[in-house]
Amino acid sequence: MAAAEAQTREYAGSKACAECHQGEYERFAKYSKKSHSWKSVSVMASDLKPHELEGCYECHTTGYGKGGFVNYETTPHLADVGCETCHGPGAEHAQTGDPESIIRRPELATCESCHNASRVGAFKFKPLIHSGAH
């Protein structure tokens, strides 16, 4: 599935993935900092202006600006970086199990939208390309 096609699909949230991929989900939830990324956003929220806070959503939530996360009140199941951040919107895949309806092997460019030199410089974090925990 092409990345552009993925943007027209619906998000289900990582718990929908856990129904068939329990082991991967449990490892991701336990070992990946990404799976708890909303905590960082909520800690910083009071110090940020609304437009600055929205800038955090791009890398700290699932599908922001692409039909996914809107805000915590409306889409709390997409508030962390989840499975669909790398594998694309998964509602159809969760319903049908069709492997053609999900991105099985994400491209490096997907990671680099957040894990890039400008963000490393601004936030002093080390990009972990293989930090998915599965």
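In this chain, residues are counted from 1 in sequence order.
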Q) Can Tyr25 be reached from Val81 by stepping across I, L, V, M, F, W or Y side chains whose heavy atoms are under 4.5 Å apart? A)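 No.
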Q.
Please tell me whether Met44 and Val41 are part of a single hydrophobic cluster in this structure, the criterion being side-chain heavy atoms less than 4.5 Å apart.
A.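 Same cluster: Met44 reaches Val41 through Ile, Leu, Val, Met, Phe, Trp or Tyr contacts under 4.5 Å.
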(Q) Quick check against the 3.5 Å criterion: does Glu84 have a side-chain atom that pairs as donor or acceptor with the backbone of Thr62? (A)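 Checked: no pair found.
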Q | His115 side chain vs Thr110 backbone, donor-acceptor pair below 3.5 Å | A |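 Side chain of His115 to backbone of Thr110: no pair is present.
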Hey, what do you get for [atom1] ([X]) to [atom2] ([Y]), rounding to the nearest 0.5 Å?
X: Arg9; Y: Ile102; atom1: CZ; atom2: CD1; result: 8.5 Å
X: Glu26; Y: His21; atom1: CD; atom2: NE2; result: 13.5 Å
X: Lys39; Y: Lys33; atom1: NZ; atom2: NZ; result: 11.5 Å

Q. Less than 2.5 Å separating the SG atoms of Cys59 and Cys114?
A.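 Yes, disulfide present: SG-SG under 2.5 Å.
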Compare every heavy atom of [Y] with every heavy atom of [X], then report the nearest pair and how far apart it is.
X: Arg104; Y: His87; result: O-CE1, 3.5 Å
X: Cys83; Y: Cys17; result: CB-SG, 3.7 Å
X: Ala94; Y: Ala16; result: CB-CB, 4.2 Å
X: Tyr64; Y: Val70; result: CE1-O, 4.2 Å

Q) Which residues satisfy the side-chain contact (heavy atoms from CB on, under 4.5 Å) test with Thr96, sequence neighbours excluded? A)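 Only Glu92, Asp98, Ser101 meet the side-chain contact (heavy atoms from CB on, under 4.5 Å) criterion with Thr96.
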Q.
According to side chain to side chain donor-acceptor pair (under 3.5 Å), does anything in residues 70-81 pair up with another residue at least two apart or in another chain? List the pairs.
A.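 Checked against side chain to side chain donor-acceptor pair (under 3.5 Å) - neighbours excluded - the pairs reaching residues 70-81 are Asn71-Thr74.
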With a 3.5 Å cut-off and sequence neighbours excluded, list the donor-acceptor pairs that the side chains of residues 45-58 form with protein atoms.
from: Glu52; atom 1: OE1; to: Lys49; atom 2: N; distance (Å): 2.7

